[in-house]
Amino acid sequence: MSYDFKAIEAKWQQYWAKNQTYKADNNSTQPKYYVLDMFPYPSGAGLHVGHPLGYIASDIVARYYRHKGYNVLHPQGYDSFGLPAEQYAIQTGQHPAKTTKNNIERYRQQLDRMGFSFDWSREIRTSNADYYKWTQWIFLLLFDHYYCVDTDKAQPISQLIDRFQKEGNSQFAAICDADTPIFSASEWQDYSEEQQQELLLKYRLTYLAESEVNWCPALGTVLANDEIIDGVSERGGHSVTKKSMRQWSMRIGAYAERLLQGLNTIDWPEPLKEMQRNWIGKSTGANVQFAIAGHAEQIEVFTTRPDTLFGVSFMTLAPELELVQQITTPEQQEAVTAYIEKTKQRSERDRQSDVKSISGVFTGAYALHPFTQERVPIWVGDYVLAGYGTGAVMAVPCGDQRDYNFAKHFDLLIPNIFEGIDISEAAYAEKGSTPLCDSDFLNGLAYEEALPKVIEALEAAGKGKGSVTYRLRDAIFSRQRYWGEPIPIYYKNNLPCPLTLEDLPLELPAVEKYLPTPEGNPPLGNATEWGWDEKARKVVAVSEIDHQTVFPLELNTMPGWAGSSWYFYRYMDAQNSQAFADKKAVDYWQDVDLYLGGSEHATGHLLYSRFWQKFLYDLGELPVDEYAKKLINQGMILGESAIAYRKPGTNSYVSKGLVGDAKMEAIRVDVNLVNTSYELDLDGLRAWQPQFADADFELEAGKFIVGTEVEKMSKSKYNVVNPDAICDRYGADTLRMYEMFLGPLEQAKPWNTAGISGVHSFLKKLWRLFFEDEKLRLSEEEPSAAAYKSLHQTIKKINTDIAQFSFNTCISTFMICVNELSAEGTASRKIVEPLVVLLAPFAPHIAEELWEKLGHKESITTAGYPIHDEKYLKETEKEYPVSFNGKMRFTYSLPLDMDKAAIEKQILAEPQTQKYLEGKTPKKVIVVPGKIINIVL
RNA sequence: GCUCGGAUGGUGGAAUUGGUAGACACGUUGGACUUAAAAUCCAAUGACCAUUGCGGUCGUGCGGGUUCAAGUCCCGCUCCGAGUACCA
C-alpha cells in the first residue's frame, strides 16, 4: 500500500468536520490557549500559496497546545467589508454582499483542503449585522465618553456635564480640541442646548469636526494617511488633494502615552514596536510664548530645544494659521495673501516631492524675545506644518538645518550660540556636550543642564512651560463608501444624535447605485429607506423626513479598521445576541496568547485595535489593556515570475541561455507553465494566450528556458501559485511541511516549488517505515539504544524549536530521525508511536491515519505530546577536538564526568599530543567540558 | 536624510548564542535495481592544491581589532531590504 494522500486527507477532513474535533469549550477547567490569525479579506482572486503560511504556523501551535493539555481557541473569520467588493459592485451592479459571500465560500473550500484545526462554529464576518451591531455599539460608547487626564482614563460624558454645571471647564484637565474656549459654570448654564452639544463634541472620544482630509476625487472618498502612497491613492493611483470636511474622528491622541507605554509590556517584534513608537512620535520640549510687537495676541511655539532660545533670529508660522492674517502689516498683505493662496493650490503630492525648495514670505510683524525683548521678524513658510505642535516655530538657524537653510535663502541673521563650533557651512543640531555661549544665564551649560534650567526660567517668567507633543493624529473615521458599517447617528438641527443599543444593528440599506449622489453625497445618499423615526425607533423612508419626528441618518460609513479592531473578542462568544461576548467567556479567555500576521498592519490595525482595547478596558468591558501578549510577523511569500525574452519588435522568443548581451523585451508568462528546471511548456503557452500561438521559439538543447524575477505575488504578474494545485499533486501535509521548511517564519521568501520533492519523499519514507507492500510491519520488540536515542533527541529538539517558532528546523529534525530509523530497518511501536504524535501538528492527516493503523480508536488530538527522557540521551564518553593555538588537530574520546585537571593531565600524557608539542611546554591548556580542549603553545 | 533589519556553497537555509562552519533539503555527478521510464536505494558534492598515502591552504559582503578560539563580540566601510519623511 503506497502513501495515498488524497484518500487519507479527504477521510480525515471529513472525520474532523463530522466530530467537531476542534470545537473549543467555554466551560473548561483546562488552562486556556488562544492562537489567533489576522483574518483575511476575502478577495475575488482566492487564496495563493502565500496566504496559508501564517495559518500553517498558527495551526501547528494550536495543535501542539492541544496535545499539551490546553483548551485551545483557534478561530477564523473574514474581514468582509472593504473597497474591492464595492468597486466590483460599481462596475457590475452586483451587490457586494453577494460577491463577498461567493468569495468567502471559495476561501473556505481552499482553507478546508489544508487541514486547519479551526473552530468554525465561531466563524465571524464583519459585514454581518449581528457582528457589526457590536461595532456600532463600541462607536456609541466612544461617543458617550471623554478622556479624563486626572484619572488617566475614559469617563462618561454625563460626568463631564456635571462638572461643567458645577465648575465650568477651567478647573480640570480633559483631552479636547485645541480650539475649545474656556467657560465658567454660569456661562455653561446660559448656553443653549445646541451650544452645549457643540462643546461636548470637542470632548467626545469620537467626534465631528471640520478637518483637513485627504480627498480623492476619482474615488469620491476620503483616504487615511496609510491609504496614500507617494501622494497618490494606494488603490488605483489617483491623485489626492486636501479638502476641509465635517468628519467623524477618533480621539486616539488621548491614548498616545498609554499606547507608547503599553509597548513595553507586550512581547511583539522589536521592529514593529519601533514603528509604532515612531508613528506615535513623542517629543519632549517646551511651549514658549512670544509677544507680538503692537498686538495683544501671542505666538506660542513648541520646541524640543528650548536651550537654544538665545539663538532665535526669526519665527516661522504655518500658512494655514489664522493668526497670520491678523498680524500681517498692510505693506506685506499682498505678498502674504498670494503666498497662502499658492500653498493652498499645491497638492499634497507637490509639497512632498518638492521638499528641497525653500519658500516663505515676511509678514512685516515682529515678535519679542521672552528674555531679551529683542525684535524678531515673523515669517510664513510652508515647511512649518499646521497640524504639528502649535503650527509655529522659533527659528534657531545655528541649531536646526531647516531654519539654517531658510535663513541662508532669505539672508536672515545666523547668530552662533555654540562655543567653538563652526556654523559657516551647516547647522549644529546635536544634543551634545558643547557648551552654550551668548546665552545669558545658560552660558557655559550644555544641553543636559541647560534644558531644565531654561524651562524653570520660562515657567517662573510665565513665558512658557515644559511640554510633550505627539506626532500621532486623531484618526478620521468617516468614509464616503457604501460597503462598510453604517454609523449609528442621526441629525437633529444639524447636531448628531446617537442611537441606543436597543436600536442596533442599524442595518446597511439597499441602494440602486454604489456611486456618490449627484449632489456629492456618499452612496448612502441613494438609499430610499434612510430616515430615523425618533418615536418609533426605526428606519423609515427618506421621504418621511420632516425634522420633527423623522430625521436624516448619517450617510458616511465606518473605515475598514473598525470591524477588525475588536474581532478577537467576538470569537470568544461569537453567537451572543445580548452582548459583544459573555462576560464569563471573556473572563475565561482573557486575551490572545499568540497573534500571527503581517507587519504591514503595524501602524494601522495593530495600533487602532490597541486603542479600542484600552478604551474598553477603561470602561470595565475587558479584563486587560493589551489584547495580544505575543505577536509574530510572518514574512510574505513572494512570487517568482517567469520571464520569456522576446526580440524587440518581433514575435520571436529566445531561450534564456542564448540571450547573451542582446537587448530583449522581458515578457511575463504564467509560472504554472514552467517546471522546476525553468523549462517552459511551449504547447501550454500557445494555448494560454493567442499572441503565443504563432510565435517562434529559439531553443537551447531542445528546451526553452525562462528567466525569473522575485516580486509580490499577484494575478497581473502571472506568478500566482494556487495551493489547490499543490494539494492535488503532493497533498496538504506536504504543502504544510514545505511552507514551513522554506525558511524562518518571519522572513520574506520567494515561492519556489523546486525543493518540495524533498519534503514529499520524507512523508513517503515515513509511510514505508510502517508498511512494506500491503503489510503493516510494526515490531513489538524492545527498540535498540540507537533508536531510543534518535527518538528522544528528536523529541527534545522539536519541543524547544516549537517553543521558539522555529518550524523550519523542526522539519529537518524529523527528516534526520526518519532517515536514522529507516537505516535501522525495523520500526518498533515504542519508537514510532511517539514519533507520530510528534509529527501530528505538522502533518495532521498522515499522523491521524498512522495513529489509527497503530490501533487507536480516538483521534490523535487526544494524545499527549511526547516529552524526552534524558536517560536515553546520556553519554558517558564524548569526542573532544584537541586543538593547538586554535587550529584543530585531532579528536580524543574521554568520559564526560572527568574533571578539568584530570582531562588536562591525561591529554598531555597522550603520545599524539606529545608529537604535536614537539617537546615544548604549553603556556595554557583550556578545557571546556564536553566541548573542546585547546592547547596554547 | 533618519530609524530598524540583513549579507554564510550552484540554490533555500543550519550552527547549542564565542568552541570541529556549511546540519537538513534542492540541484548536480556517478552507481545499483529496471527491457525502459517513474519510483526507490547507495556514494560524492565550499574553493584551490595534493591525490595509488591517511594531507595541505584559503574560506561566512569589505578593512581593522579583542580572544587560546570570531559567522557570532567591538570599531570603520560597502551593498541590499523594510518603515518613515519638511515633526520644530
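As a basis for the values below, the full set of heavy atoms in this structure was taken, side chains included, without hydrogen atoms, waters or symmetry mates. Throughout, a chain's letter reflects where its sequence line sits, starting with A, and its residues are numbered from 1. The model shown is predicted, which means the values in this text are computed figures rather than measured ones.
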Q. Of the options L309(A), T316(A), D400(A), which is the one that meets M394(A) in a side-chain contact (heavy atoms from CB on, under 4.5 Å)?
A.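 Exactly one option meets the side-chain contact (heavy atoms from CB on, under 4.5 Å) with M394(A), and it is L309(A).
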
Base-pairing mate for [N] - Watson-Crick or G-U, with both contacts under 3.5 Å:
N	value
rG12(B)	rC24(B)
rC41(B)	rG31(B)
rA85(B)	none
rG19(B)	rC68(B)
rG5(B)	rC80(B)
rG55(B)	rC49(B)

Just how far, in rounded Å, is [atom2] of [N] from [atom1] of [X]?
X	N	atom1	atom2	answer
I811(A)	rA25(B)	CD1	P	12 Å
Y738(A)	rC24(B)	OH	C1'	13 Å
I907(A)	rC68(B)	CD1	P	21 Å
R768(A)	rA39(B)	CZ	P	12 Å
F762(A)	rC26(B)	CZ	P	13 Å
K749(A)	rG13(B)	NZ	P	8 Å
E600(A)	rG83(B)	CD	P	10 Å
E820(A)	rC24(B)	CD	P	10 Å

**Q.** C1'-based separation of rU20(B) from rU72(B) [nearest Å]
**A.**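 My reading of the C1' atoms in rU72(B) and rU20(B) gives 16 Å.
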
At less than 4.0 Å, is any side-chain N or O atom of [X] found next to OP1 or OP2 of [N]? Yes or no.
X	N	value
K931(A)	rU20(B)	no
N819(A)	rA25(B)	yes
Q276(A)	rG83(B)	no
N808(A)	rA14(B)	yes
S283(A)	rA88(B)	yes

Q. Aromatic rings Y608(A) and W561(A): how do their planes relate, parallel, tilted or perpendicular, breaks at 30° and 60°?
A.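 The arrangement is parallel - the two ring planes meet at less than 30°.
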
Q: Decide, for rU17(B), between syn and anti: a glycosidic angle within 90° of 0 counts as syn, anything else as anti.
A: syn

Q: Could you classify rG9(B) for me, syn or anti, using a glycosidic angle within 90° of 0 as syn?
A: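 Base orientation relative to the sugar is syn.
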
Candidates [options] - which lies nearest the side chain of [X]:
X	options	value
N934(A)	rA88(B), rG19(B), rA23(B)	rG19(B)
V384(A)	rG27(B), rA88(B), rA23(B)	rA88(B)
E274(A)	rA88(B), rU3(B), rC24(B)	rU3(B)
S757(A)	rG27(B), rA14(B), rA25(B)	rG27(B)

(Q) Testing the 3.5 Å rule here: is there a donor-acceptor pair between the side chains of T390(A) and E300(A)? (A)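 The criterion, which ignores hydrogens and geometry beyond distance, is not satisfied for E300(A) and T390(A).
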
Q: Indicate whether the side chain of Y738(A) and that of D733(A) have a donor and an acceptor atom separated by less than 3.5 Å.
A: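 The criterion, which ignores hydrogens and geometry beyond distance, is not satisfied for D733(A) and Y738(A).
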
Q) Side chain of N287(A), backbone of K465(A): donor and acceptor closer than 3.5 Å? A)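 Between the backbone of K465(A) and the side chain of N287(A) there is no qualifying donor-acceptor contact (under 3.5 Å).
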
(Q) Ring centres under 6.0 Å, that's the criterion: do F406(A) and F314(A) meet it? (A) yes

